[in-house]
Amino acid sequence: MISTQVSCVIDAPIEVVWQTIRPFDSLSQWHPYVAACRVEAGLAPSEVGCIRRIELQEGGVVRETLLGLSDREHCIVYDIIESPMPVKNYIATLRLYPITETRQVYADWRVEFEITEGTEDAMIATLKDIFASGLQALNQQQ
């Protein structure tokens with residue numbers, strides 16, 4: 001398995017950042033690469049097993065399954081079931097940690113995956129860009 005991660009400090013209390021990212025269908029409200037995001041019929045956006053359909057700004061669709069959601073640990077775990085990216089066995093985790101002294105958040109977004117074509121380095125660079133852009137946008141919104 002290949003893995004990579006991006007992290008940053010967000011200048012806001014953990015409760016505020018968690019409220020923004022917790023709904024599994026909220027990605028279009030804070031990630032600049034996402035044009036639209038909705039949970040497909042059947043389950044609520046906080047229910048493990050729900051599937052979100054992401055329409056990308058540049059075209060293309062990604063579908064992801066919510067594998068885990070923890071309000072106590074401020075953590076979301078999901079996989080990709082459909083994507084224009086050449087990946088398989090993709091499991092990502094977005095987790096927030098409180099920085100209690102400053103009332104900020106340490107955000108950590110990590111993934112493990114395999115590639116189906118192309119190079120490891122190219123896919124790692126793509127994913128780091130996606131994660132970093134999302135975290136930067138989250139920080140700017142707060």
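Side chains are part of it too, since the values below use all heavy atoms of this structure and drop only hydrogens, waters and symmetry mates. Numbers here are sequence positions counted from 1.
Residue L67 holds its CG atom at 7.5 Å from CZ of F24, rounded to the nearest 0.5 Å. If you take CD on Q140 and CH2 on W30, they are separated by 13.0 Å, rounding to the nearest 0.5 Å. Here the OH atom belonging to Y78 is positioned 10.0 Å from the CD1 atom belonging to I91, to the nearest 0.5 angstrom. Interatomic distance, Q5 CD to L127 CG, rounded to the nearest 0.5 Å: 12.5 Å. In this structure, S46 OG and L69 CG are separated by 6.5 Å, a value rounded to the nearest 0.5 Å.
Among all heavy-atom pairs drawn from E64 and I81, the shortest one is N-CG1, 4.3 Å. Of all the heavy atoms in R95 and E73, the pair that sits closest is NE-O, 3.3 Å. I54 and C37 make their closest contact through CG1-SG, 4.0 Å (heavy atoms, listed as atom of the first residue, atom of the second, distance). Of all the heavy atoms in A35 and Q57, the pair that sits closest is CA-NE2, 3.6 Å. The nearest pair of heavy atoms linking V62 to S83 is CG2-OG, 4.1 Å. Closest approach of S3 and I124 over heavy atoms only: O-CD1, 4.4 Å.
Both M85 and F113 sit in one connected hydrophobic cluster of ILVMFWY residues. Membership requires side-chain heavy atoms under 4.5 Å apart, directly or through other members. Following chains of ILVMFWY side-chain contacts shorter than 4.5 Å, one cannot reach Y97 starting from V17, and the two form parts of different hydrophobic clusters. Hydrophobic clustering (side-chain heavy atoms under 4.5 Å, transitive across Ile, Leu, Val, Met, Phe, Trp, Tyr) groups W18 together with I10. Under a hydrophobic-cluster definition in which Ile, Leu, Val, Met, Phe, Trp and Tyr are linked whenever side-chain heavy atoms come within less than 4.5 Å, directly or via other members, I51 and V77 are assigned to different clusters.
Under the rule for a side chain to side chain donor-acceptor pair (under 3.5 Å), the partners of Y33 that lie at least two apart in sequence or sit in another chain are D129, S133. Scanning for ring-ring contact (aromatic ring centres under 6.0 Å, His included) contacts around F131 gives W109, with sequence neighbours left out. For A132, the side-chain contact (heavy atoms from CB on, under 4.5 Å) test picks out V6, Q136, with sequence neighbours left out.
With H74 contributing its side chain and P98 its backbone, the two residues share no donor-acceptor pair below 3.5 Å.
Grouping Ile, Leu, Val, Met, Phe, Trp and Tyr by side-chain contacts under 4.5 Å, direct or through others, leaves V48 on its own.
E15 CD: more than 12 foreign heavy atoms inside a 6.0 Å radius.
A side-chain donor from one of T65 and D79 sits under 3.5 Å from a side-chain acceptor of the other.
Looking at S7 and D108, their side chains come closer than 4.5 Å, going by heavy atoms from C-beta outward. Using a 4.5 Å heavy-atom cutoff, the side chains of I76 and T93 are not in contact. L56 places a side-chain heavy atom less than 4.5 Å from the side chain of P84. Counting only heavy atoms from C-beta outward, the side chains of L138 and T20 approach each other to under 4.5 Å. Side chains of I80 and E82 form no contact here, defined as non-hydrogen atoms less than 4.5 Å apart. Inter-residue side-chain proximity for V105 and P13 is flagged as unmet; no heavy-atom pair is nearer than 4.5 Å. Residues V87 and T116 have side chains not in contact (no heavy-atom distance under 4.5 Å, counting atoms from C-beta outward).
Applying the salt bridge (Lys or Arg N to Asp or Glu O under 4.0 Å) rule to pairs touching residues 26-48 yields E40-R63, sequence neighbours excluded. Legend: salt bridge (Lys or Arg N to Asp or Glu O under 4.0 Å) pairs involving residues 112-121, not counting sequence neighbours, sorted by first then second residue: K88-E114.
Electrostatic pairing of R22 and D71 counts as a salt bridge here, judged by a charged N lying under 4.0 Å from a carboxylate O.
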